Number of protein chains: 2
Amino acid sequence: MPLSRARIIAAAARVADRGGLDSVSMRTVAKELDVEAMSLYHHVTNKDALLDGLADWVAAQFYRPKTDVGWRVEMTKRANSLRAVLSSHPWGLGMIESRSNAGDALLRHHDAVLGSLLTVFPLRMAAHAFSILDAYIYGFVLTEVNLPFAPGEGHENEMAEQLVPDMAGLPHLRRMATELMATGEYSFTAEFEAGLDLILDGLERHTGGSRSEGTS
Amino acid sequence: MPLSRARIIAAAARVADRGGLDSVSMRTVAKELDVEAMSLYHHVTNKDALLDGLADWVAAQFYRPKTDVGWRVEMTKRANSLRAVLSSHPWGLGMIESRSNAGDALLRHHDAVLGSLLTVFPLRMAAHAFSILDAYIYGFVLTEVNLPFAPGEGHENEMAEQLVPDMAGLPHLRRMATELMATGEYSFTAEFEAGLDLILDGLERHTGGSRSEGTS
DNA sequence: ACCTGAACACCGTTCAAGT
DNA sequence: ACCTGAACACCGTTCAAGT
């Protein structure tokens with residue numbers, strides 16, 4: 001099978017999944033393909049172009065909202081999709097955000113999100129909704145993927161126990177760790193959905209419609 | 001003046017402000033201090049420790065909410081402070097989030113935020129508020145600092161003009177660029193505050209209090 | 001105790017050479 | 001047309017040597 005841009009990007013994604021973004025070098029990606037580093041330059045102009053491709057590879061997996069379905073359901077599906085994709089590729093968010101020019105897949109994704117919002121919101125309000133949803137999702141995922149453990153697997157209490165010893169002089173954090181996280185009452189998924197619903201509720205007040213499409 | 005951990009971190013911040021995080025190397029930081037690279041190792045154990053110090057240097061500048069003032073005013077001040085600090089040091093957010101163990105300054109900041117929220121919310125609701133505010137602020141700043149231009153200086157229309165040509169097949173983004181951004185009606189600061197207020201309004205409904213401390 | 005220079009194993013990338 | 005090896009200017013870091 002000959003080398004190609006697509007194969008190189010897929011190989012880079014595998015290397016990043018395995019060892020983090022820092023482990024992606026022209027030499028490690030080449031090794032993944034049983035080829036010399038210099039061979040890659042015949043298919044990608046340089047490492048920056050490879051990273052652009054990697055960002056696009058991630059964005060292509062984001063769910064694109066449809067316009068013939070209720071906006072709230074679509075925004076929820078979209079939010080969960082981003083969280084899922086970026087959780088399984090923790091390097092993805094940094095990759096997407098650090099590229100100075102958005103790739104095609106990301107632009108198409110954003111266009112689809114905006115299209116769904118425009119089915120119920122006037123332009124300016126749709127822009128507000130777009131901005132707040134994007135910020136919330138990215139921000140939540142940003143902290144989640146950088147946690148020193150894998151969330152969503154019941155490790156919340158372990159984390160709390162790890163952290164408590166260092167919490168002299170931090171009374172409120174200590175309280176949260178002992179009374180909430182250590183008791184198993186805390187779940188990142190529930191937290192994500194609660195925040196999302198608060199935002200969607202706030203937005204819905206500006207549609208003039210009733211709360212017909214709630215998700216909970 | 002002798003070398004010290006603090007001087008090294010301050011020099012690293014200057015290098016990062018000037019040339020981005022990628023330009024921070026043991027050799028460039030040493031040169032900033034007119035010293036050899038190896039001298040740094042007598043004051044920081046390795047580059048990772050230097051980056052930990054850099055993250056702490058940023059977090060130390062975040063405004064810490066007080067408990068004897070209204071929570072809404074404090075949360076707004078805190079949000080604006082984070083945006084201001086992270087805008088003037090665009091490498092700061094990535095720095096803070098990529099450290100696997102939070103530094104002391106960041107923990108103290110978080111403790112202060114939680115303390116303010118606990119003056120009006122029960123623990124679980126305070127945790128929700130903490131999570132959603134952090135996610136929103138980080139997410140908004142994340143996209144803002146990675147824009148290919150400096151926002152808040154009226155460059156919004158320039159951006160729109162740059163982007164429009166490539167927008168074949170992206171009808172909704174094109175519409176937003178031409179009808180909203182290019183007309184000068186769009187402002188990142190206004191957008192940030194609108195989203196923040198929507199979230200604070202949503203949270204306020206859970207305090208049982210009236211909207212007495214509004215900021216607009 | 002603090003600073004340094006050479007050295008080692010890595011980077012991204014250029015260039016001339018192979019097929 | 002595609003792949004390669006040597007080379008260059010960089011990295012972080014170790015270690016022995018200087019003061």
Side-chain angles (χ1 to χ4, degrees), chain A residues 1-57 90-92 94-101 103 146, chain B residues 1-57 90-92 94-101 103 146:
Chain A
M1 190 160 36
L3 224 44
S4 71
R5 189 183 147 86
R7 280 190 69 213
I8 290 170
I9 289 164
R14 259 176 282 136
V15 172
D17 281 343
R18 204 187 305 133
L21 196 59
D22 286 348
S23 73
V24 175
S25 78
M26 298 306 271
R27 285 165 167 95
T28 55
V29 173
K31 190 166 287 173
E32 176 78 15
L33 293 162
D34 275 316
V35 96
E36 296 300 315
M38 294 322 303
S39 310
L40 306 181
Y41 284 86
H42 289 275
H43 302 91
V44 293
T45 59
N46 53 24
K47 190 183 181 184
D48 224 54
L50 199 168
L51 296 182
D52 282 339
L54 217 38
D56 219 51
W57 182 89
W91 44 270
M95 201 66 275
I96 283 174
E97 283 300 322
S98 65
R99 305 286 87 200
S100 50
N101 287 309
N146 286 306
Chain B
M1 191 162 34
L3 224 46
S4 70
R5 190 184 147 86
R7 280 191 69 215
I8 290 170
I9 288 164
R14 259 176 283 136
V15 172
D17 280 343
R18 203 186 307 133
L21 195 59
D22 286 348
S23 72
V24 176
S25 77
M26 298 306 271
R27 285 166 169 94
T28 57
V29 173
K31 189 165 289 172
E32 175 79 13
L33 292 162
D34 274 317
V35 96
E36 295 301 315
M38 294 322 302
S39 309
L40 306 183
Y41 284 86
H42 289 275
H43 302 91
V44 292
T45 60
N46 54 25
K47 190 183 181 183
D48 225 53
L50 200 169
L51 296 182
D52 282 339
L54 217 39
D56 220 49
W57 182 90
W91 44 270
M95 201 67 275
I96 284 173
E97 283 299 322
S98 65
R99 305 287 86 199
S100 50
N101 287 309
N146 286 307

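Chain letters run A, B, ... following the sequence lines, proteins first and then strands; every chain starts at 1. Keep in mind it's a predicted model, so treat the numbers as computed, not measured.
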*Residues in side-chain hydrogen bond (donor to acceptor under 3.5 Å, both in side chains) contact with B:Thr28, at least two apart in sequence or another chain*: B:Ser25
_By side-chain hydrogen bond (donor to acceptor under 3.5 Å, both in side chains) - contacts of A:Asp48 (at least two apart)_ = none
*Could you tell me whether the side chain of A:His42 has a donor or acceptor atom within less than 3.5 Å of a complementary atom in the base of D:dC2?*
no
If I take atom [atom1] in residue [X] and atom [atom2] in nucleotide [N], what distance separates them, rounded to the nearest angstrom?
X       : N     : atom1 : atom2 : value
A:Arg7  : D:dC2 : CZ    : C1'   : 14 Å
A:Leu40 : D:dG5 : CG    : C1'   : 15 Å
A:Ile8  : D:dC3 : CD1   : C1'   : 12 Å
B:Asp34 : C:dT4 : CG    : C1'   : 15 Å

*By salt bridge (charged side-chain N to carboxylate O under 4.0 Å, His left out) - contacts of A:Asp56 (at least two apart)*: none
*asked:* Applying salt bridge (charged side-chain N to carboxylate O under 4.0 Å, His left out), can you list everything that pairs with B:Glu32, at least two apart in sequence or on another chain?
replied: B:Arg14, B:Arg18
*Could you spell out the base pairing of DNA chain D in dot-bracket, with Watson-Crick or G-U pairs whose two distances are under 3.5 Å, [ ] crossing and | to another strand?*
||.|||||...|||||.||
*asked:* Is it true that A:Asp22 and A:Trp91 share a donor-acceptor pair across their side chains at a distance under 3.5 Å?
replied: no
*Closer than 4.0 Å, any side-chain N/O of B:Ser39 to the OP1 or OP2 of C:dC2?*
no
*Enter the distance from A:Leu21:CG to A:Ser98:OG here, rounded to the nearest 0.5 Å.*
7.5 Å
*Calculate, to the nearest 0.5 Å, the distance between atoms CG and CD1 belonging to B:Leu51 and B:Ile9 respectively.*
10.0 Å
*Under 3.5 Å, side chain of A:Lys47 to main-chain N/O of A:Val24, donor-acceptor pair present?*
yes
*Which nucleotides of nucleotides 12-19 of chain C have their base under 4.0 Å from a protein heavy atom (B), which only their sugar-phosphate (S), and which neither (-), written as one string 5' to 3'?*
BBBB----
*Of all the choices, D:dC3, C:dT4, D:dG5, which nucleotide is nearest to the side chain of A:Glu36 once you look at every atom?*
D:dG5
